[in-house]
Trainee: 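After the structure tokens below, expect a handful of questions from me.
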Amino acid sequence: MPSPGLQRPRGTADRLPADAPAWDGVLRAFARECRLRNFQPISTPTFETTELFDKGTGATTDIVQREMYTFDDRGGDSLTLRPEGTPSIVRAYQQHGMHVLPQPVKLYYVLPVFRYDRPQAGRLREHHQIGAEALGDPNPAVDAEVIDLLWSTLRALGISDLALHVNSLGDPESRPAYRAALVAFFTPHADKICADCQQRLTQNPLRLLDCKKPPCERVSADAPRSLDYLGDAAREHFDTLRRLLGALDIPCTLDHRLARGLDYYNRTVFEIVPPHGSAQSTVGGGGRYDYLAETLGGPHLPGVGFGSGIERILLNRRRVGLEEAATHVPDVYVAPLADAALTVVTTVAAGLRQAGVATEVGYAAASPRSHLRRANAIGARVALIVGNREVEAGRVTLKPLGGGDQVDVALDDVVSSTQAVLAGRATGGDA
RNA sequence: GUGGGCGUAGCUCAAUUAGGUUAGAGCGUCUGGUUGUGGCCCAGAAGGCUGGGGGUUCAAGUCCCCUCGCUCACCCCA
């Protein structure tokens, strides 16, 4: 691997031509599911003011505390490579006055996100997410549609063994009571939980729930459940969501310990995970964030959305044994046998391309053997050979590479004859 | 951020039990196999400061240290 010279930065990946079909497949499936639900595409800058994430993502999150790529630009402004998509989308909603549009405003995006973390399988410092946000409507039917969008996309991609975990974190009014209950519950057990968790006890008690360490899990098994602290409205919201998920035939598991790592969630939180996944295997996750917009200094704006890692989706496609499509190859190869054929080759190729036929050319005169070897290696189905004989006669030799006799066609008929051969019809050329 | 494994041509791997001459092969690439015809086959070539740096030794791809990178687990997330 590391040959001399420059290497890409740690935790980044090159996406090579061979990877394109799989990647495009994800984007196409996602765009289709979005279109079917009237989600519209949006894209926002790769970097934003640091303040957006400090306030939006939340100062107590790991993301903000130790994972952001933050730098001062030459003008002295603090900027940050986005570590997630949601705050940018809410910011764009506010900045463009999308409250004048029919609500909810439903947006989707595909974007690179950056987090400084130790790379491992399924975890990169730059990864890519598909995501969607529905802004301006608090109804649980919107939550259901957002979850359905991600679920359906993954199903369309052939990954059918994933599990949906859901929970409700309640609203700001009920949160203090629940938080206090957690603290009251865990404090007597403080000596039995890990050091991290002891810190969480004061910093962010909700996160005590999803610690995977056995001692902590033992303790938290009997911990108070957020559902028991929900207000009537939040309870009804969650019940309706689960009913609608049932109507959509989306099986979901109630996970009392699902808390998510972002500060802004209220009510609905969800995650989609593979059957035997570990912590870093989450394929996608999201939730409702009705108070994020206010946190950013705007008017009240309910919202719900998700993000899902494209690299992890692809990992799961491979895990379940799905084959990816082959890369595109040209249909035709045009081969000059002599310098005098170069002009003809160029114009023939241009004519084919105008007719929509993918065409590769030989860029220099060479022997038929070497040209045909190359044509074969490239995967072309038809070779068009132009040598001195053809140039003089104003014709080209058309050779089907899958077998069959080669024919000699007039320059004016090259496009139609080639298309006929590609379509599997008789060539019509005179031999 | 914490711990473990690994690092030889573009790729997959070799390199004779405690180190020993010009580090090999297959695949791939390029060029040829007389006269204008591919796939198979044959031949040849290109391609490595053995990730990088330092150390031990008469001698290091092989041993030691550092560093970079990959990888696995933890953590966290997508």
Side-chain angles (χ1 to χ4, degrees), chain A residues 1-13 16 18 57 61-67 82-86 110-131 150 154 194-197 199-200 204 207 210-214 216 258-262 271-274 277-286 306-316 333 335-338 341 362 365-391 397-403 405-406 408:
Chain A
M1 49 181 98
S3 356
L6 300 176
Q7 294 169 236
R8 63 178 184 266
R10 180 170 198 199
T12 61
L16 303 177
T57 306
T61 60
D62 283 328
I63 290 177
V64 170
Q65 281 181 358
R66 40 180 261 243
E67 296 181 0
R82 77 178 142 229
E84 57 146 341
T86 305
V110 179
L111 43 75
V113 316
F114 306 85
R115 293 180 200 171
Y116 185 88
D117 200 348
R118 188 116 172 226
Q120 70 181 66
R123 190 168 76 189
L124 295 161
R125 288 182 175 178
E126 180 192 30
H127 77 275
H128 301 261
Q129 292 189 7
I130 57 173
L150 176 55
L154 295 168
C194 70
D196 285 341
C197 281
Q199 194 154 18
R200 290 181 181 124
N204 194 350
R207 302 291 299 291
D210 58 10
C211 184
K212 309 297 190 295
K213 294 212 173 73
C216 304
L258 181 58
R260 306 279 306 155
L262 303 172
E271 256 179 25
I272 294 182
V273 297
S278 54
Q280 73 282 4
S281 57
T282 300
V283 177
F306 71 83
S308 179
I310 296 177
E311 289 87 350
R312 287 193 184 173
I313 292 173
L314 260 19
L315 242 30
N316 276 277
Y333 182 90
L337 300 188
S367 69
R369 164 183 262 155
S370 77
H371 271 134
L372 287 168
R373 277 182 174 165
R374 189 159 109 96
N376 186 62
I378 276 168
R381 293 155 59 206
V382 167
L384 297 175
I385 301 164
V386 190
N388 287 324
R389 296 205 305 244
E390 286 82 357
V391 171
T397 299
L398 186 164
K399 180 182 177 71
L401 293 171
D405 295 331
Q406 65 184 39
D408 171 28

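Computed from heavy atoms alone, side chains included, the values below leave out hydrogens, waters and symmetry copies.
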Trainee: Between B:rG36 and A:Glu390, counting only base atoms on the nucleotide and side-chain atoms on the residue, is there a donor-acceptor pair under 3.5 Å?
Mentor: yes

Trainee: Quick check: any donor-acceptor pair below 3.5 Å linking the side-chain of A:Arg369 to the base of B:rG33?
Mentor: yes

Trainee: So what does A:Gly11 hit on the nucleic acid, given a heavy-atom distance under 4.0 Å: a base, only sugar-phosphate, or nothing?
Mentor: sugar-phosphate

Trainee: Testing the basics here: between A:Ser370 and A:Ala366, what is the closest heavy-atom pair and its distance to 0.1 Å?
Mentor: OG-CB, 3.4 Å

Trainee: Verify, without hydrogens or angle tests, whether A:Arg312 (side chain) and A:Gly122 (backbone) share a donor-acceptor contact under 3.5 angstrom.
Mentor: yes

Trainee: Checking all strands, does A:Ile63 fall into the base, sugar-phosphate, or nothing category for heavy-atom contacts under 4.0 angstrom?
Mentor: nothing

Trainee: Stacking between A:His127 and the base of B:rA78 (centre distance under 5.5 Å, interplanar angle under 30°)?
Mentor: yes

Trainee: Given the P atoms of B:rA18 and B:rU12, what is the spacing between them in whole Å?
Mentor: 27 Å

Trainee: Tell me the interatomic distance from A:Arg373, atom CZ, to B:rC42, atom P, rounded to whole angstroms.
Mentor: 12 Å

Trainee: With a non-hydrogen cut-off below 4.0 angstrom, is A:Asp62 in contact with a base, only sugar-phosphate, or nothing?
Mentor: sugar-phosphate

Trainee: Could you work out which one of B:rG36, B:rC76, B:rG38 sits closest to the side chain of A:Glu67?
Mentor: B:rC76

Trainee: Is the phosphate of B:rC70, meaning OP1 or OP2, less than 4.0 Å from a side-chain N or O of A:Arg10?
Mentor: yes

Trainee: Quick one: closest heavy-atom pair of A:Pro400 and A:Asp405, and the distance?
Mentor: CD-O, 3.4 Å

Trainee: Give a yes/no verdict on a cation-pi contact between A:Arg125 and A:Tyr116, requiring under 6.0 Å between NZ or CZ and the six-membered ring centre and an angle within 45° of the axis.
Mentor: yes

Trainee: Looking at B:rA73, I'd like to know if its phosphate oxygens (OP1 or OP2) sit under 4.0 Å from a side-chain N or O belonging to A:Gln120.
Mentor: yes

Trainee: Measuring from A:Glu311:CD to A:Gln129:CD, what's the distance to the nearest 0.5 Å?
Mentor: 9.0 Å

Trainee: Determine the Euclidean distance between corresponding P atoms of B:rG19 and B:rU31; express it in Å to zero decimal places.
Mentor: 44 Å

Trainee: Show the distances under 3.5 angstrom between N or O atoms of the protein and N or O atoms of nucleotides 2-6 of chain B.
Mentor:
unit_1	atom_1	unit_2	atom_2	d
B:rU2	O4	A:Arg118	NH1	2.8
B:rG3	O6	A:Arg118	NH2	3.1

Trainee: Looking only at atom C1', what distance separates B:rC70 and B:rU16, rounded to whole Å?
Mentor: 29 Å

Trainee: Whole angstroms only, please: what is the NZ-P distance between A:Lys399 and B:rG39?
Mentor: 11 Å

Trainee: Rounding to an integer number of angstrom, what distance separates B:rC27 and B:rG47 when you compare their C1' atoms?
Mentor: 14 Å

Trainee: Send over the distance from A:Glu84 CD to B:rA78 C1', rounded to a whole Å.
Mentor: 11 Å

Trainee: Side chain of A:Ile385 only, please: which of B:rC70, B:rG36, B:rC76 is the nearest?
Mentor: B:rG36

Trainee: Looking only at non-hydrogen atoms, find the nearest pair between A:Gly11 and A:Pro119 and report the distance.
Mentor: CA-CG, 3.8 Å

Trainee: Can you sort out the partners of A:Glu271 under salt bridge (Lys or Arg N to Asp or Glu O under 4.0 Å), two or more places apart, ordered by chain and number?
Mentor: A:Arg260

Trainee: With C1' as the reference atom in both, quote the distance from B:rC30 to B:rG20 in angstrom, rounded to an integer.
Mentor: 36 Å

Trainee: Among the candidates B:rU37, B:rC70, B:rA78, find the nucleotide nearest to the side-chain atoms of A:Gln129.
Mentor: B:rA78

Trainee: When the distance from CG of A:Leu401 to C1' of B:rC40 is rounded to whole Å, what number comes out?
Mentor: 16 Å

Trainee: Taking any heavy-atom pair under 4.0 Å as a contact, classify A:Val283: base, sugar-phosphate, or nothing.
Mentor: sugar-phosphate

Trainee: Which ranges of RNA chain B pair up as stems, where a stem means three or more consecutive Watson-Crick or G-U pairs with both distances under 3.5 Å?
Mentor: B:1-7 with B:68-74, B:10-13 with B:24-27, B:29-33 with B:41-45, B:51-55 with B:63-67

